[in-house]
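Beneath this line is the structure, given in structure tokens, with notes to follow.
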Number of protein chains: 2
Amino acid sequence: MGHTRWLSDDEMRAWRAFTNAHALLYRRLDHGLKEEVGLSGLQYEILARLSGAPSREMRMAELAGDLVNSKSGLTYQVAQLEKAGLVRRRSCTSDERAVFAGITDEGMALLERAAPGHVTRVKELLIDVLTPDQLQALADGLGEAGRRMADGAGCSRPDRATEAEPCE
Amino acid sequence: MGHTRWLSDDEMRAWRAFTNAHALLYRRLDHGLKEEVGLSGLQYEILARLSGAPSREMRMAELAGDLVNSKSGLTYQVAQLEKAGLVRRRSCTSDERAVFAGITDEGMALLERAAPGHVTRVKELLIDVLTPDQLQALADGLGEAGRRMADGAGCSRPDRATEAEPCE
DNA sequence: GTCTGGTTGTTCGAATTGGAACGACCATCG
DNA sequence: CGATGGTCGTTCCAATTCGAACAACCAGAC
């Protein structure tokens, strides 16, 4: 490691734009959700993933991996959602360790009530601002970056375990 | 508002890539900083901004605006940094309300020790993964999105006040 | 002057986060 | 079977986050 390669002006601009846009956007989305349906951004994401899962449920570990949140953090949030009746938990019969979190009908109803506003905001504040080329570049470039980081490349993260079959 | 315009597959891919890459990346950077110099990502950002400011100091409000963090959150972190001797605070003589936070020599030293590893990680994990075109698209597209959100467009945020002259 | 409206940074309390430690569990080997 | 190593989700605790309320302050109208 001779001397450090600093960021060029262009690189710095891109990097700042990336973090700045994310912070600004996430803040808006969070507030919007909180106001409209009382959910946090993370809670919305949890419900969204569950609603899209095969049988409307997922393993805790899989969820945590998808959301890039710590296990303990997920436990906490799922507990909140369960208290609110939006999610139900059941333990897997074939693997006593595993816990499945599934979205309830009530959760689906709330999600459907939350989605329009949320999606509209994402479109207005990000998607519609980008040209089709920029959108594509974003999907390609950041998709690749995400993929590389997800595979333990360069650091921790040994996961990518079993693909979570419906269990029974 | 007729019916909601949902996200197309491409749009969804881009959106997911964006949030996913950010989460993954920020987590790595955070851990890296914590291990190498004991700073959090936010603390590093604070020091970095201060080090680049005209006289190595900024108003609290300006800092908070740049970092997109709540005022109270910034107060907390700056207090931490001050306790560690990396930052010093002084109140402005011409405007008794304002508080300037400035980075100390000790802070500069730590920042210089932290920067190489941090910057290298940013390059390796993000910049170097992108093609020049993608980098440019990211800077342009997300830059524009950030700019629009920063101007109260569509929502709260009335700020963008005085440009914080050196005060004396 | 004095009043009013808006700004600034801090304080407070409640909610959330994340890591480490833990107990329960599976799978493999002998 | 008994032991071992690894996985899973939870619990615990300290650190952090955010918004609302607050006190001090500035600026302009009157």
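Below, read A as the first sequence line, B as the second, and so on, with proteins coming before strands; counting in each chain starts at 1.
- Between C/dC26, C/dG9, D/dC26, one nucleotide has an atom nearer to the side chain of B/Arg97 than all others, and that is D/dC26.
- Nucleotide C/dG18 holds its C1' atom 14 Å from the OH atom of B/Tyr26, rounded to whole Å.
- The distance between atom CG of B/Leu63 and atom P of C/dT7, rounded to the nearest whole Å, is 19 Å.
- Across the protein-nucleic acid pair, B/Leu74 atom CG and C/dG9 atom C1' stand 10 Å apart, rounded to whole Å.
- Taking 4.0 angstrom as the limit, B/Gln77 places none of its side-chain polar atoms (N or O) nearer than this to OP1 or OP2 of D/dA15.
- At most 12 heavy atoms of other shown residues, nucleotides or ligands fall within 6.0 angstrom of atom CZ in B/Arg56.
- Mapping A/Lys71 and A/Gln80 onto DNA chain C by nearest heavy atom places A/Gln80 closer to the 5' end of the strand.
- On a pure distance criterion of 3.5 Å, no polar donor-acceptor pair joins the side chain of B/Thr75 and the base of C/dG9.
- For the OP1/OP2 pair of D/dG19 and a distance below 4.0 Å, the side-chain nitrogens and oxygens of A/His31 include at least one atom meeting the criterion.
- At most 12 heavy atoms of other shown residues, nucleotides or ligands fall within 6.0 angstrom of atom CZ in A/Arg88.
- At a threshold of 4.0 angstrom between heavy atoms, the contacts of A/Leu42 are confined to the sugar-phosphate backbone, with no base atom among them.
- Taking atom CD of B/Glu45 as the reference point, atom C1' of D/dT16 lies 17 Å away to the nearest angstrom.
- One can place CG of A/Leu81 at 15 Å from P of C/dA15, the figure rounded to the nearest angstrom.
- Taking atom CE of A/Met60 as the reference point, atom P of C/dA24 lies 19 Å away to the nearest angstrom.
- On a pure distance criterion of 3.5 Å, no polar donor-acceptor pair joins the side chain of A/Ser70 and the base of C/dG19.
- A side-chain donor-acceptor contact under 3.5 Å links A/Glu82 to the backbone of A/Arg89.
- With DNA chain C read from its 5' end, the first of the two nearest nucleotides for A/Glu96 and A/Gly73 is the one closest to A/Gly73.
- A 4.5 Å side-chain heavy-atom check between A/Ile46 and A/Leu86 finds every atom pair outside the cut-off.
- With rounding to whole Å, A/Asn69 atom CG is found 15 Å from D/dG9 atom P.
- At C/dG9, none of the side-chain N or O atoms of B/Arg59 fall inside 4.0 Å of OP1 or OP2 (strictly under the cut-off).
- Dashed line: the shortest gap from a side-chain N or O of A/Arg89 to OP1 or OP2 of D/dT10 is under 4.0 Å.
- Checking C/dG18, D/dC26, D/dC18 against every side-chain atom of B/Asp95, the shortest atom distance belongs to D/dC26.
- Atom CG in A/Asp30 sits about 11 Å away from atom C1' in D/dT17, given to the nearest Å.
- Within the 3.5 Å criterion, the main-chain N or O of B/Met149 finds a donor-acceptor partner in the side chain of A/Arg28.
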